[in-house]
Student: 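One structure, pasted below without further comment.
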Amino acid sequence: RHTELEGEFHAANGVAALRATRLTDEQVGVAEAAFKRLEQDADLLTAVDHWLRTGKPATIKESPRLDEALKAYADWLETTTDLRPVTKNHLRNRVTHFVNNVGNLRVTDVLPDHIEHYLAHRDVSANTKDANCRAISSFFTWCMKGKRHWCINNPCYAVEIEGRTSDDDREPVVLPV
């Protein structure tokens, strides 16, 4: 009865009628946004069917442990010509240090908390922590791509480094000739 009275009130005030639904407010909002993008309402089911057939992210069969993934990553670093030798060495060293200190979890089980805990216990500057996080992020991005699909999300995306300074924040320095 309460819903009926509420519906009558809103109808009298020019608001669309209320209808019972099992959708959450967030789901209703997403559905409304989807319908606004379509020319016809029936196109939504066609779009969802197409996405389920072709666009849905691949499911993860079984994610390897970090040590196995690190070995594959190091092998890829050896063979790739897309990176300079210094960059390869930088990535290999930082990711190896991370894997050796975080435990031998499965790639999918690494959370932002693991990254934050690892970085918090490093006795280095905030800028070095940021460089470590970026190197670890490149490892997880590599784990997501290609035929691997060892994880769906990069846990580094949710990590923020406190106290990091950019070159724009530093005072200019005059160097002698």
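From a predicted model like this one, the values you see are computed outputs, not experimental measurements.
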Student: Calculate, to the nearest 0.5 Å, the distance between atoms CG and OG belonging to N132 and S137 respectively.
Tutor: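 Separation between the atoms: 12.0 Å.
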Student: Quick one: pull up SG in C143 and CD1 in I152 and give me the separation to the nearest 0.5 Å.
Tutor: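 It comes to 13.0 Å.
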Student: Quick one: does N100's side chain have a donor or acceptor within less than 3.5 Å of a partner on T96's backbone?
Tutor: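 Yes.
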Student: Anything under 3.5 Å between a donor and an acceptor, one on a side chain of residues 155-162, the other on a protein residue two or more places apart or in another chain? List them.
Tutor:
none

Student: Over all heavy atoms of both residues, which pair between A135 and V95 is shortest? Give the atoms and the distance, please.
Tutor: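 Heavy atoms only, the tightest pair is O-CG2, 3.6 Å.
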Student: For the CH2 atom of W150 and the CD atom of E68, what is their distance to the nearest 0.5 Å?
Tutor: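 Reported value, rounded in 0.5 Å steps: 8.5 Å.
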Student: Roughly how far, to the nearest 0.5 Å, is the SG atom of C133 from the CG atom of L119?
Tutor: 5.5 Å
Student: Is there a chain of hydrophobic side chains (I, L, V, M, F, W, Y, each step under 4.5 Å between heavy atoms) that links V30 to L44?
Tutor: no
Student: Could you note down all residue pairs passing salt bridge (Lys or Arg N to Asp or Glu O under 4.0 Å) where residues 94-111 supplies at least one of them, sequence neighbours left out?
Tutor: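 Qualifying pairs: E62-R106.
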Student: Kindly write out the residues that satisfy side chain to side chain donor-acceptor pair (under 3.5 Å) with E78, not counting sequence neighbours, or none if the list is empty.
Tutor: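 E78: side chain to side chain donor-acceptor pair (under 3.5 Å) contacts with R92.
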Student: Would you please name every residue forming a salt bridge (Lys or Arg N to Asp or Glu O under 4.0 Å) with K71, sequence neighbours left out?
Tutor: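 For K71, the residues satisfying salt bridge (Lys or Arg N to Asp or Glu O under 4.0 Å) (neighbours in sequence not counted) are D75.
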Student: Taking the side chain from S63 and the backbone from C151, do they hold a donor-acceptor pair closer than 3.5 Å?
Tutor: no
Student: Applying a strict under-4.5 Å side-chain criterion to I, L, V, M, F, W and Y, I'd like to know whether L83 and I136 cluster together.
Tutor: yes
Student: Identify, with sequence neighbours excluded, every residue that meets side-chain contact (heavy atoms from CB on, under 4.5 Å) alongside V102.
Tutor: L66, F98, H114
Student: For T128, which residues count as a side chain to side chain donor-acceptor pair (under 3.5 Å) partner, sequence neighbours excluded?
Tutor: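 By the side chain to side chain donor-acceptor pair (under 3.5 Å) rule, T128 matches S125.
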Student: Only counting residues at least two apart or in another chain, list the ones meeting salt bridge (Lys or Arg N to Asp or Glu O under 4.0 Å) with R148.
Tutor: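 R148 satisfies salt bridge (Lys or Arg N to Asp or Glu O under 4.0 Å) with no residue once adjacent residues are dropped.
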Student: Answer yes or no: is there a side-chain heavy-atom contact under 4.5 Å between N153 and M144?
Tutor: no
Student: Of all residues at least two apart in sequence or in a different chain, which pass the ring-ring contact (aromatic ring centres under 6.0 Å, His included) check with Y73?
Tutor: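 W76, F139, W142.
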Student: First locate atom CD of Q40, then atom CG of D43, and finally report the distance between them rounded to the nearest 0.5 Å.
Tutor: 5.0 Å
Student: Would you find a donor on one side and an acceptor on the other, under 3.5 Å apart, between the side chain of K145 and the backbone of F140?
Tutor: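 No; zero donor-acceptor contacts below 3.5 Å.
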Student: Mind checking what makes side-chain contact (heavy atoms from CB on, under 4.5 Å) contact with T24, not counting sequence neighbours?
Tutor: E26, Q27
Student: Give me each pair satisfying salt bridge (Lys or Arg N to Asp or Glu O under 4.0 Å) with a member in residues 114-130, each pair once, sequence neighbours excluded.
Tutor: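 Applying salt bridge (Lys or Arg N to Asp or Glu O under 4.0 Å) to every pair that reaches into residues 114-130, excluding sequence neighbours, yields D130-R134, D130-R164.
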Student: Which residues pass the ring-ring contact (aromatic ring centres under 6.0 Å, His included) test with H97, not counting sequence neighbours?
Tutor: Y118
Student: List in chain and number order the residues that pass side chain to side chain donor-acceptor pair (under 3.5 Å) with D67, two or more places apart in sequence or in another chain; answer none if no residue qualifies.
Tutor: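 D67 satisfies side chain to side chain donor-acceptor pair (under 3.5 Å) with N104 once adjacent residues are dropped.
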